[in-house]
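So that the names make sense, note that chain A is the first sequence line, chain B the second, and so on, each numbered from 1. Nothing here was measured: the structure is a model prediction, and the numbers come from that model.
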Amino acid sequence: MKTKIKNSVMSALLGVAVLGGAVLMQSFGEKTTETFTFVRVSGDSNSIDPLDYEYHPTNQCIANNPQNNCSADWSESSTPNIGDNPTGTLQPASLKKGSRLQ
Amino acid sequence: MHIYDNIYLGKTSRFLRAAYQRILRWLPIVSIYGYALLYMYTGYDKLKNIKSFIKGNESIPFIGQYAPLIGWGVPIAEIVLAILLVFPFLKLRLPALWASVILMGIFTLYMALMIKFVPDRLCHCGGVIESMSWTLHLIFNIAWLGAGVYAIKKLNVN
């Protein structure tokens with residue numbers, strides 16, 4: 001009985017460590033660089049309107065359609081969240097060709 | 001083949017068999033805590049970015065109309081499952097593991113359908129998971145699915 005309780009307590013402590021580790025990993029794992037690639041989600045193929053772009057770290061561009069740009073790099077003062085529009089400056093010559101995300 | 005080669009091969013195969021058995025013995029518990037780590041990490045990340053997660057879900061065909069429900073439901077479910085998986089007092093570990101594996105199955109099916117049918121894909125999978133390629137992500141999910149099914153099988157036996 002004592003051993004069972006001891007094992008349960010150890011297991012719970014390990015659980016707390018695992019869950020805490022997950023939260024810490026998420027908190028400290030965020031990017032700190034200043035230039036981020038935003039994916040074009042609307043607008044014309046050559047759009048430079050920040051509202052046409054969203055931040056998605058996958059950068060899932062399909063770079064085989066020369067008619068469309070699909071992403072661009074923007075300088076940001078803080079790390080964007082997934083789905084944010086850019087608030088900073090567009091990096092010159094950073095428009096990438098390819099199909100945009102739907 | 002020389003007799004020493006046989007001895008060497010025997011040692012190697014014994015070592016490999018022992019390693020294999022050790023992996024199988026620890027796999028269920030590693031799977032349980034691994035699921036907890038994964039779901040807490042991605043669930044917390046989704047909750048932190050809840051607005052963009054809901055917005056991203058709105059653009060997914062067929063389920064876009066349920067975006068707020070899915071947007072709140074998925075991360076909360078992930079965090080609740082992560083907690084239930086690691087606390088042994090509640091005796092909910094096996095049902096939680098079942099639910100975790102089913103949820104992983106749904107994610108994997110979603111990914112497979114996206115890879116097969118949607119040329120321009122969107123993933124709001126959370127944190128570093130989102131930076132994986134789609135194929136790697138699918139392999140990652142299938143591996144977790146396999147580990148979860150194995151863990152359920154072993155827990156049922158015990």
- prompt: Among the clusters formed by ILVMFWY side chains lying less than 4.5 Å apart, do B:F107 and B:I152 turn up in the same one?
  reply: yes
- line: Interatomic distance, CD1@B:I32 vs OG@A:S11, rounded to 0.5 Å, equals 8.5 Å
- prompt: Between atom OH of B:Y33 and atom CG of A:L19, what is the distance when rounded to the nearest 0.5 Å?
  reply: 9.5 Å
Return all side-chain donor-acceptor pairs below 3.5 angstrom for residues 63-73 of chain B, not counting sequence neighbours, or 'none' if the list is empty.
none

Minimum side-chain heavy-atom gap A:N81-B:K48 below 4.5 Å: no
Output side-chain donor-acceptor pairs under 3.5 Å for residues 15-24 of chain B, partner residues at least two apart or in another chain, one line each.
none

message: In the structure I gave you, are the side-chain heavy atoms of B:F87 and A:V16 within less than 4.5 Å of one another anywhere?
response: yes
message: If I compare all heavy atoms of B:Y44 with all of A:V23, which pair ends up nearest, and what's the gap?
response: CE2-CG1, 3.7 Å
message: With a 4.5 Å cut-off on side-chain heavy-atom distances among I, L, V, M, F, W and Y, is there a chain of contacts connecting A:V18 to B:V80?
response: yes
field: A:I48 CD1: over 12 foreign heavy atoms closer than 6.0 Å
entry: no
message: Please determine whether residues B:I142 and B:M104 belong to a single hydrophobic cluster, defined as Ile, Leu, Val, Met, Phe, Trp and Tyr linked transitively by side-chain heavy-atom distances below 4.5 Å.
response: yes
- prompt: Heavy-atom distance under 4.5 Å between the side chains of B:D45 and A:I82, does that happen here?
  reply: yes
- prompt: Do B:V86 and A:L14 have side chains that get closer than 4.5 Å, going by heavy atoms?
  reply: no
query: Taking all non-hydrogen atoms of both residues, which atom of B:L37 and which atom of A:A22 are closest, and how far apart?
result: O-CB, 3.5 Å
